Each structure stands twice: as C-alpha cells, then as structure tokens.
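Positions are given from 1 along the sequence. We use all heavy atoms of the structure for the numbers below, so side chains are in, but hydrogens, waters and symmetry mates are not. Note that the structure is predicted; figures quoted are calculated from it, not measured.
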Amino acid sequence: DMFVVMWDANGDRVKSIGYQLKEGREIPKDAAAKGFQNIVVRGKAALNQTDLRNWEVASDVQIDGFFGDSGVYWTPKKWKELK
C-alpha cells in the first residue's frame, strides 16, 4: 500500500491519494477513507475504470499511464509473465 500527500507552499494539503495493491481481482471489502482519492491496482485490472465503495478500480490504461514507458515491466500484467 502507498499514500501520496501533496501540500502547497503555505502548508495546506492539496491532494491525498491512497493506493492499495491486490494480486487478483479482489477489491477491498471496507469502504475507502474519505478525503482521499483511493485507487486499487489489481493484478487483473478492470477493463474500464470503475468506482466501488469509494475505491477507484484502475484499468490497464490507467495503470500503464501511471507507470509510463520506464515502468512498463512493473505493471501487474507484466508480473504474471514472470511465472
């Protein structure tokens, strides 16, 4: 799991993002924390981004965009190829 919190020059919180990593298709059973953008990165990514219990379930396109060209081998779909 990972949290990213950004502040402006005045020390005010601008953005808070929480990431939770899952190996399969699992989505957390509990609702996500309020006040955060909560993203689930699953081993079996959603075909399209969906929201469930205040969790944003990332799609392959979002995951690829997040990791970019330099991180292409860090994506869940590439993890599966290592087996």
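- Sorted by first then second residue, the salt bridge (charged side-chain N to carboxylate O under 4.0 Å, His left out) pairs that include residues 58-77, not counting sequence neighbours, are Asp64-Lys77.
- Both Phe67 and Met2 are members of a single hydrophobic cluster when ILVMFWY side chains are connected at heavy-atom separations under 4.5 Å.
- Thr50 is not listed as a side-chain neighbour of Glu56, based on a closest heavy-atom distance of 4.5 Å or more.
- For residues 43-62, no pair satisfies ring-ring contact (aromatic ring centres under 6.0 Å, His included), with sequence neighbours left out.
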Before you tell me yes or no, could you show the steps for Met6 and Ile17 under side-chain contact (heavy atoms from CB on, under 4.5 Å), namely the whole-Å CA-CA distance, both residues' side-chain angles and the distance that decides it to 0.1 Å? CA-CA 9 Å; Met6 294 172 258; Ile17 307 169; 4.1 Å; yes
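- Smallest separation of non-hydrogen atoms from Pro76 and Gly43: CB-CA, 3.6 Å.
- Under the rule for a side chain to side chain contact (heavy atoms under 4.5 Å, CB included), the partners of Trp7 that lie at least two apart in sequence or sit in another chain are Val5, Arg13.
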Side-chain donor/acceptor pairs under 3.5 Å, residues 19-34, sequence neighbours excluded:
unit_1	atom_1	unit_2	atom_2	d
Gln20	OE1	Lys22	NZ	3.2

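- If you chain together ILVMFWY residues whose side-chain heavy atoms come under 4.5 Å of each other, Val72 ends up grouped with Tyr73.
- With sequence neighbours left out, Asp8 forms a side chain to side chain donor-acceptor pair (under 3.5 Å) with no residue at all.
- Here the closest heavy-atom approach between residue Ala45 and residue Ser59 is recorded as CB-C, 4.0 Å.
- Counting all heavy atoms, side chain and backbone alike, Ala58 lies closest to Ile39 at CB-CG2, 4.1 Å.
- The nearest pair of heavy atoms linking Gly35 to Ser16 is O-CB, 3.9 Å.
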